[in-house]
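Position 1 is the first residue of the sequence; numbering continues from there.
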Amino acid sequence: MTGEPVRYPKRLRQLHWLLALLLVSMVLFGLWMGTLDRTDPLKTVVLPWHLVTGGVVFALTAWRLTIRRRSRALFEAARTESAPARRALAGFVHGAFYLLLLGLPLLGFGVWVLDPHLGPAPFGDGVAVGNWSERLHRIHYLGAWSVTVLLPLHVAGALIRDRAGHRPLSRML
């Protein structure tokens, strides 16, 4: 092993783990919520919590991207410890996570706005609105399942040693 691994600042590490916890919770909670019937009274209790938490995930992700942009040198130093193929895969996985962390809350909000059974439905409950609501909901659902594919890749990448002999996970602990 050579030298100490590049470590991220404490607030960035805390934000990472908070987002990880929220994302896993939201996926599990959302998939469970999807098993509830539209008329189930429990859905009217849990849906607002899901929506609010999605908004929190969106805001925290935007904040994290801002920190990442301002700390570009730190992230570049961490990237140089990895082989090019690994950097490319890590870039893809991180990019996909950011897309999902920003996109899933927006899609969920769109479903809530358009679906007359879930939200305000300002456009009524016509066939066209129902079709859009269903499409957005399907993409939202597929996005949640995409997280379940990306998460093991992300964890594996964090546990496998890089060229310098460090485990990338050590940057986040």
Side-chain angles (χ1 to χ4, degrees), residues 6-9 11-35 46-115 118-119 129-160 162 167-169 171-173:
V6 174
R7 288 197 39 128
Y8 294 125
R11 109 179 140 169
L12 193 58
R13 293 191 314 259
Q14 291 169 336
L15 188 54
H16 173 270
W17 291 108
L18 176 60
L19 278 168
L21 177 68
L22 286 173
L23 183 62
V24 170
S25 299
M26 287 290 285
V27 168
L28 294 174
F29 188 71
L31 292 173
W32 167 76
M33 218 171 54
T35 65
V46 296
L47 181 63
W49 287 103
H50 188 69
L51 288 165
V52 168
T53 306
V56 169
V57 166
F58 183 87
L60 290 175
T61 301
W63 183 35
R64 184 156 193 236
L65 280 170
T66 301
I67 293 169
R68 187 178 175 101
R69 215 177 79 238
R70 290 181 181 162
S71 306
R72 198 171 298 237
L74 173 67
F75 287 92
E76 285 305 315
R79 284 174 45 91
T80 60
E81 295 177 353
S82 297
R86 183 176 178 155
R87 279 197 307 266
L89 182 58
F92 170 78
V93 170
H94 283 106
F97 265 126
Y98 282 120
L99 181 66
L100 290 167
L101 285 165
L102 294 171
L104 286 172
L106 293 175
L107 286 166
F109 181 74
V111 170
W112 177 73
V113 166
L114 292 175
D115 192 327
L118 297 177
V129 171
N131 287 345
W132 273 107
S133 172
E134 184 58 36
R135 285 182 188 119
L136 291 179
H137 192 261
R138 197 171 298 133
I139 296 168
H140 185 72
Y141 185 76
L142 289 172
W145 279 106
S146 297
V147 169
T148 66
V149 171
L150 289 172
L151 191 59
L153 282 173
H154 186 65
V155 170
L159 294 175
I160 298 169
D162 59 22
R167 285 190 173 88
L169 179 63
R171 290 185 206 119
M172 292 311 254
L173 293 176

(message) With rounding to the nearest 0.5 angstrom, report the CG to CG distance, Leu89 to Leu153.
(response) 6.0 Å
(request) State which residues pass side chain to side chain contact (heavy atoms under 4.5 Å, CB included) with Thr53; sequence neighbours excluded, sorted by chain then number. (result) Leu22, Met26
(message) On a heavy-atom basis, which atom in Ser133 and which in Leu114 lie closest, and how many Å separate them?
(response) CB-CB, 3.9 Å
(request) May I have all residue pairs that pass salt bridge (Lys or Arg N to Asp or Glu O under 4.0 Å) and include part of residues 136-153, sequence neighbours excluded? (result) Glu134-Arg138
(message) Using modelled atom types and a 3.5 Å cut-off, is there a donor and acceptor pairing between side-chain atoms of Thr66 and backbone atoms of Ala62?
(response) yes
(request) Hey, could you give me each pair passing salt bridge (Lys or Arg N to Asp or Glu O under 4.0 Å) that has a residue in residues 90-108? Not counting sequence neighbours. (result) none
(message) Could you work out, with side chain to side chain contact (heavy atoms under 4.5 Å, CB included) as the rule, every residue matching Leu51, not counting sequence neighbours?
(response) Leu47, Trp112
(message) For the NE2 atom of His137 and the CG atom of Leu142, what is their distance to the nearest 0.5 Å?
(response) 10.5 Å
(message) Do Leu23 and Phe97 make a side-chain contact, defined as non-hydrogen atoms from C-beta onward lying under 4.5 Å apart?
(response) yes
(request) List in chain and number order the residues that pass side chain to side chain contact (heavy atoms under 4.5 Å, CB included) with Ser25, two or more places apart in sequence or in another chain; answer none if no residue qualifies. (result) Leu21
(message) Just to verify, what does His50 make a ring pair (Phe, Tyr, Trp, His ring centres under 6.0 Å) with, not counting sequence neighbours?
(response) Phe29
(request) First locate atom CG of Leu99, then atom NE2 of His94, and finally report the distance between them rounded to the nearest 0.5 Å. (result) 14.0 Å
(request) Identify the two heavy atoms, one from Leu100 and one from Ser146, that lie closest to each other, and give their separation to 0.1 Å. (result) CD1-CB, 4.0 Å
(message) As an exercise, state the distance from CG of Leu18 to CZ of Arg64, rounded to the nearest 0.5 Å.
(response) 10.5 Å
(message) Show, in sequence, the C-alpha distance, side-chain angles and deciding distance for Val27 and Trp145, and conclude whether the side-chain contact (heavy atoms from CB on, under 4.5 Å) test is met.
(response) CA-CA 8 Å; Val27 168; Trp145 279 106; over 6 Å; no
(message) With rounding to the nearest 0.5 angstrom, report the CH2 to CZ distance, Trp63 to Arg11.
(response) 6.0 Å
(message) If you define the side chain from C-beta out and look only at heavy atoms, does anything of Val147 sit under 4.5 Å from Leu104?
(response) yes
(message) Please find the pair of heavy atoms, one from Val57 and one from Leu19, that lie closest to each other, and give the distance.
(response) O-CD2, 3.9 Å
(request) Give the minimum heavy-atom separation between Ala96 and Leu150, together with the two atoms involved. (result) CB-CD1, 3.5 Å
(message) Once rounded to the nearest 0.5 Å, what's the spacing between atom CG of Leu106 and atom CD1 of Ile139?
(response) 12.5 Å
(request) Could you check if a side-chain atom of Val111 sits within less than 4.5 angstrom of a side-chain atom of Leu107, using non-hydrogen atoms only? (result) no
(message) Do Phe58 and Leu101 make a side-chain contact, defined as non-hydrogen atoms from C-beta onward lying under 4.5 Å apart?
(response) no
(request) Write down the atom of Tyr98, the atom of Thr61, and the distance for their closest heavy-atom approach. (result) CD2-CG2, 3.8 Å
